[in-house]
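Numbers restart at 1 for each chain; the letters A, B, ... are given by sequence-line order, proteins then strands.
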2 protein chains.
Amino acid sequence: MISNSRAAHRDHDHERCQNAALAQARALCQHRSARLTPAREAVLHLIWHSHRPVGAYTLIEQLSAEQGHRVLPPTVYRALDFLLAQGLIHRIPSRNAFIGCPFPEVRHRNLFLLCRQCGAVAECSADTLDQAIATTAARAGFAVDGHNLEIDGLCQQCQ
Amino acid sequence: MISNSRAAHRDHDHERCQNAALAQARALCQHRSARLTPAREAVLHLIWHSHRPVGAYTLIEQLSAEQGHRVLPPTVYRALDFLLAQGLIHRIPSRNAFIGCPFPEVRHRNLFLLCRQCGAVAECSADTLDQAIATTAARAGFAVDGHNLEIDGLCQQCQ
DNA sequence: TAGCAGATGTTATTGCATTACATTTTTGGT
DNA sequence: ACCAAAAATGTAATGCAATAACATCTGCTA
Ligand SMILES: [Zn+2]
Ligand SMILES: [Zn+2]
Ligand SMILES: [Zn+2]
Ligand SMILES: [Zn+2]
């Protein structure tokens, strides 16, 4: 099992998270010949501002402030689409919000731990759990493409 | 494990599903002294029209047609809130839509099988899977309130 | 240098959900 | 039966999330 909950749900030097994520994104995009343009990188940087999911319109506001002129929805949504396609961010459906992926180089299913107190979201990837999900689906004769698991509760810090 | 996938993802006499759901809802509300008013029952009936999740604005249209006058959003959302609180329906966040719960009398976590072909959604309750989720969360020091698991893929009929 | 594909700018619209306040209906105590 | 409180419903307006459609620009390649 890999997880970023130790960082996400604790006090930590978050600039390291942010810098690491940006560096990794640049490396990954270079390797894939995908173009991490300034606009896309700016959105990714804003998303990594914290471990809390961010709404698209919040990003629009922040980006507008940063760039000194009014940024419109399609600009941000296009950047988000790119980042989603590259697996650099995830969308949290229950929140209509986006969060940075801490391990974009690894193919993985979606598994999030959402703390109702501090709002931070950690991501995990657990093969045993993915297996259990596959098994359950198989018992219903269901062929799995993918899944999204959101676990609500309290992180260790907030208990 | 309990599941309605045998019915939801196959040809079947769906009126029986609908009638059973309505009857059960009435019984449950009576037992709880919760008021399943005509408006609420009408919404529940519409939701049980099929095994596909329904959006709120679709319900608004259908209810308007049924009642012969313009029904406004808060009317439907209030009914939905009631039905959600009673566990008679669930919201599927990834679809912004609602679906009837086939076993509202049993306390359970959310686990849905969404067929990308036919659009039907089956619901399951699997203790072993709930356990696996709890275990995974526990390993991250996370105290679980609840979870929502949406599995995308193809149902047996559509494979 | 012409053409193309990808990326961005711009305007408008659609869909989903809630706030706030007025009115009506139901309920339980007298 | 009567009244007050609570619950439910009606109504208007608004806010937030996402997309459609079309124009323009940029960088690459033939
Ligand atoms: Zn961090
Ligand atoms: Zn991820
Ligand atoms: Zn049915
Ligand atoms: Zn259910």
Side-chain angles (χ1 to χ4, degrees), chain A residues 25-26 29-30 32-47 52-86 88-99 119 148 150, chain B residues 25-26 29-30 32-47 52-86 88-99 119 148 150:
Chain A
R26 281 188 280 258
C29 287
Q30 173 137 26
R32 294 175 184 166
S33 303
R35 298 176 50 193
L36 188 63
T37 62
R40 291 164 175 174
E41 192 170 318
V43 170
L44 184 60
H45 187 260
L46 282 173
I47 287 176
R52 278 182 286 279
V54 200
Y57 277 69
T58 303
L59 292 169
I60 290 171
E61 278 177 37
Q62 295 176 341
L63 210 59
S64 297
E66 244 179 33
Q67 305 199 174
H69 64 90
R70 182 124 197 86
V71 172
L72 296 164
T75 303
V76 165
Y77 278 103
R78 282 195 276 241
L80 291 170
D81 287 344
F82 171 85
L83 297 170
L84 286 169
Q86 297 298 325
L88 296 169
I89 63 170
H90 298 292
R91 195 178 114 89
I92 312 281
S94 71
R95 312 296 161 105
N96 292 338
F98 303 85
I99 192 155
N148 186 74
E150 299 178 28
Chain B
R26 281 187 281 259
C29 287
Q30 173 137 26
R32 294 175 185 165
S33 304
R35 298 174 51 193
L36 187 63
T37 62
R40 291 164 174 175
E41 193 171 318
V43 170
L44 184 60
H45 188 261
L46 282 173
I47 288 178
R52 279 182 285 279
V54 200
Y57 276 70
T58 303
L59 292 169
I60 290 172
E61 278 176 37
Q62 295 175 341
L63 209 59
S64 297
E66 243 180 33
Q67 305 199 173
H69 64 90
R70 182 127 197 84
V71 171
L72 296 165
T75 302
V76 165
Y77 279 102
R78 282 196 277 240
L80 291 170
D81 286 343
F82 171 85
L83 297 169
L84 285 168
Q86 296 299 323
L88 295 168
I89 63 172
H90 298 291
R91 195 178 116 89
I92 313 281
S94 71
R95 312 297 162 105
N96 292 338
F98 302 86
I99 193 156
N148 186 75
E150 299 178 29

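- With rounding to whole Å, Leu80(A) atom CG is found 15 Å from dA7(C) atom P.
- Distance alone, capped at 3.5 Å, places no donor-acceptor pair between the Arg26(B) side chain and the Glu41(B) backbone.
- When rounded to the nearest whole Å, the span between CD of Gln67(B) and C1' of dG10(D) equals 12 Å.
- Expressed to the nearest 0.5 Å, how far CD of Gln86(B) lies from CG of Asp81(B) amounts to 11.5 Å.
- Salt-bridge formation is not detected for the pair Arg95(B)/Glu150(B): no Lys NZ or Arg NE/NH1/NH2 atom is positioned less than 4.0 Å from an Asp or Glu carboxylate oxygen.
- Heavy-atom neighbours of Arg91(B) CZ from other residues, nucleotides or ligands within 6.0 Å: above the threshold of 12.
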Between protein and nucleic acid, restricted to nucleotides 6-8 of chain D and to nitrogen or oxygen atoms under 3.5 Å apart, what atom pairs and distances do you find?
from: dA8(D); atom 1: OP1; to: Arg40(B); atom 2: NH1; distance (Å): 3.3
from: dA8(D); atom 1: O5'; to: Arg40(B); atom 2: NH2; distance (Å): 3.4

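- Counting non-hydrogen atoms of other residues, nucleotides and ligands closer than 6.0 Å to CZ of Arg70(A) gives a total of 12 or fewer.
- The CG atom of Leu84(B) sits 4.0 Å away from the CD1 atom of Ile89(B) when rounded to the nearest 0.5 Å.
- Atoms CD1 (Ile60(A)) and C1' (dT10(C)) sit 14 Å apart, rounded to a whole Å.
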message: One character per nucleotide, please: for nucleotides 15-22 of chain C, 5' to 3', B when the base has a protein heavy atom closer than 4.0 Å, S when only the sugar-phosphate does, - otherwise.
response: -BBBB---

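- If you take CD1 on Ile47(B) and NE2 on His90(B), they are separated by 11.0 Å, rounding to the nearest 0.5 Å.
- Each side chain to side chain donor-acceptor pair (under 3.5 Å) pair with one or both residues in residues 56-67 of chain A, not counting sequence neighbours, appears once here: Gln67(A)-His69(A).
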